[in-house]
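Every number for a ligand or one of its atoms is a count from 1 in the order of the listing. No hydrogens, no waters, no symmetry mates; every other heavy atom, side chains included, goes into these values.
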Amino acid sequence: QRPKNFPPGPPPLPILGNLLNFSLDNPMRDLERLRKCYGNVYSLFIGPKPAVVIDGVQAMKEAMMSKAADFAGRPELSHHMPISMPVVGMVLADYGLSWKEHRRFALMTLRNFGLGKHSHTLGRVCTCSNIICQVLFGTLYGYNDEFIKVVVQCFKENSKIANGPWAMVSYNISILDFTQQHHRCQQEIDHMLEMKTQITYDDRHNMPYMQTVIHEIQRIANTAPLSVFHSTTKDTELMGYFLPKKQLKGTLVIQNLNSVLNEEGQWKFPHEFKPENFLNDQGEFVKPKAFVPFSAGSRMCLGETHTAGYLQKL
Ligand code: HEM
């Protein structure tokens with residue numbers, strides 16, 4: 001049963017909760033349907049446990065920025081799933097002193113590596129990635145470890161698929177438009193290379209169109225559509241609803257980043273691949289507040305700068 005003044009949502013079934021409200025082929029479409037029915041903040045039952053889904057930039061900013069500390073917890077997975085996992089590293093660590101120290105240390109370490117800003121040989125990238133693995137997930141692998149070699153290979157194959165022609169077809173990118181965009185990027189790159197031999201991360205300010213394309217790819221690719229789940233750290237309110245901590249051992253919070261990255265009213269072309277989404281009327285690069293592929297607030301992704309640097313190099 002939903003607590004008093006809890007966000008509304010579809011009626012749950014015993015044991016299954018709202019499992020049957022979702023299809024296997026496109027659960028994101030089902031979330032969009034529920035949003036239309038119940039609004040930007042609604043609740044679902046994952047088995048017997050309630051969860052709150054946050055849609056749209058307004059609700060997301062209230063939760064993740066204005067009330068960051070109230071929403072900065074991570075759920076205990078054993079409360080929601082029939083598995084129990086030891087929590088190592090930082091990504092799944094609950095809000096508290098240990099997470100804060102870990103995050104500060106990781107930020108400093110990543111900044112000291114200067115990742116994303118300078119050119120690196122493949123060997124150095126692997127070394128850095130390995131150390132990142134230890135800082136974030138609590139595991140350091142040997143340099144010839146078969147498991148990590150397979151993981152790196154899978155990442156390579158995945159990015160080939162993600163950036164290959166099938167991705168373009170599935171994201172409905174117009175090939176004609178894309179050729180035009182490719183040509184404009186190439187012009188910017190050629191222009192820079194007339195002045196210097198190698199392009200660095202700092203040159204991004206002189207390459208506004210490349211910036212827009214890189215950001216639009218991230219918006220459309222929407223790599224982590226539901227972010228990493230959060231939980232409330234105390235009794236709190238969101239958009240006028242009450243989210244209790246004690247009664248539910250911290251309410252599970254699911255941010256639907258997809259709903260913000262495609263939100264009507266926030267983007268000039270919410271449902272199309274158009275780098276113009278990041279250009280203002282003067283043709284300058286701007287980042288709209290609804291650009292949140294890395295989430296926002298105190299638990300926001302630590303890798304944003306590094307990812308931007310790598311994407312520019314690619
Ligand atoms: C395309 C690439 C990436 C995307 C789209 C992405 C997205 C995200 C998202 C959505 C979250 C959850 C934020 C939240 O809970 O509100 C997250 C967390 C995190 N990401 Fe990334 N990420 C990317 C790459 C990276 C890289 C390269 C690193 C490491 C250098 C990284 C480190 C982290 C860490 C440490 C967290 C957990 C932060 C915390 O719990 O305090 N990410 N990321």
Side-chain angles (χ1 to χ4, degrees), residues 51-55 57 59-77 87-117 120 124-139 151-152 155-156 158-159 161-163 167 201 214-233 250 252-261 290-314:
V52 168
V53 183
I54 303 181
D55 284 308
V57 74
M60 182 177 156
K61 296 270 157 154
E62 181 180 333
M64 300 302 149
M65 301 187 76
S66 316
K67 297 181 178 162
D70 298 6
F71 285 85
R74 290 282 188 228
E76 224 177 279
L77 286 179
V87 173
V88 284
M90 176 176 46
V91 181
L92 299 178
D94 201 4
Y95 183 68
L97 197 60
S98 159
W99 163 77
K100 273 189 193 159
E101 290 284 320
H102 220 116
R103 186 168 167 111
R104 201 174 303 136
F105 173 74
L107 262 174
M108 190 182 67
T109 312
L110 292 172
R111 207 170 292 142
N112 288 346
F113 280 148
L115 284 187
K117 298 202 171 178
H120 297 291
R124 192 158 166 217
V125 168
C126 283
T127 311
C128 293
S129 308
N130 203 3
I131 297 169
I132 288 171
C133 261
Q134 185 179 30
V135 175
L136 305 189
F137 306 113
T139 310
V151 172
V152 171
F155 267 104
K156 277 191 197 157
N158 270 350
S159 60
I161 296 167
N163 298 310
Y201 185 58
I214 289 172
H215 282 78
E216 182 66 352
I217 289 170
Q218 290 180 79
R219 184 183 77 86
I220 291 283
N222 188 13
T223 317
L226 298 181
S227 183
V228 179
F229 294 174
H230 284 228
S231 80
T232 49
T233 56
L252 174 71
V253 176
I254 303 175
Q255 297 178 78
N256 185 347
L257 299 184
N258 193 41
S259 73
V260 185
L261 291 168
F291 181 71
V292 290
F294 300 94
S295 181
S298 56
R299 293 220 70 147
M300 183 183 174
C301 175
L302 279 190
E304 181 178 12
T305 320
H306 311 103
T307 309
Y310 282 132
L311 285 175
Q312 181 170 341
K313 246 177 254 160
L314 277 176

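Summarising the geometry, atom CE belonging to M64 is positioned 4.5 Å from atom CD1 belonging to I54; distances are rounded to the nearest 0.5 Å. Taken from CE in M65 to CZ in F71, the straight-line distance is 14.0 Å, to the nearest 0.5 Å. Here OG1 of T232 is found 11.5 Å from NE2 of H230. Values are rounded to the nearest 0.5 Å.
For T233 (side chain) and A69 (main-chain N/O), a donor-acceptor pair under 3.5 Å exists by modelled atom type. When atom types are taken as modelled, the side chain of R219 and the backbone of L261 share a donor-acceptor pair closer than 3.5 angstrom. The main-chain N or O of A72 is found under 3.5 Å from a side-chain atom of R299 such that the two form a donor-acceptor pair. Judged by distance alone, the side chain of R103 and the main-chain N or O of M90 form no donor-acceptor pair under 3.5 Å.
Atoms of ligand 1 found under 4.0 Å from any heavy atom of H230, numbered from 1 in the order shown, are 14 (C), 15 (O), 16 (O). For ligand 1, the atoms sitting less than 4.0 Å from at least one non-hydrogen atom of S227 are 10 (C), 12 (C), 13 (C), 14 (C), 15 (O), 16 (O), numbered in the order shown with element in parentheses. Per-residue contacts place P293 under 4.0 angstrom from the following atoms of ligand 1 (heavy atoms of the residue considered): 5 (C), 7 (C), 10 (C). Using a 4.0 Å cut-off to heavy atoms of S295, the atoms of ligand 1 that qualify are 13 (C), 14 (C), 16 (O). Within ligand 1, the atoms closer than 4.0 Å to a non-hydrogen atom of W99 are 39 (C), 40 (O), 41 (O), numbered from 1 in the order shown. Near M90, meaning under 4.0 Å from any of its heavy atoms, are these atoms of ligand 1: 35 (C), 40 (O).
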Evaluate side chain to side chain contact (heavy atoms under 4.5 Å, CB included) for L257 paired with L226, printing each intermediate quantity in order. CA-CA 6 Å; L257 299 184; L226 298 181; over 6 Å; no
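For the pair S298 and ligand 1, the shortest N or O to N or O distance does not fall below 3.5 Å. Taking any N or O of Q255, backbone or side chain, at least one lies under 3.5 Å from an N or O belonging to ligand 1.
Counting heavy atoms closer than 4.0 Å to ligand 1, residue T223 contributes side-chain atoms (C-beta onward) but none from N, CA, C or O. Neither the backbone nor the side chain of Q218 comes within contact range of ligand 1; no heavy atom lies under 4.0 Å. Here C301 has heavy atoms under 4.0 Å from ligand 1 in both its backbone and its side chain. Contacts with ligand 1 closer than 4.0 Å are made by side-chain heavy atoms of R103 only, the backbone lying farther away.
The aromatic rings of Y95 and W99 sit tilted relative to each other, their planes meeting at an angle between 30° and 60°.
For the pair A106 and ligand 1, no heavy-atom separation below 4.0 Å is found. The shortest separation from a heavy atom of R74 to ligand 1 is under 4.0 Å, placing the residue in contact.
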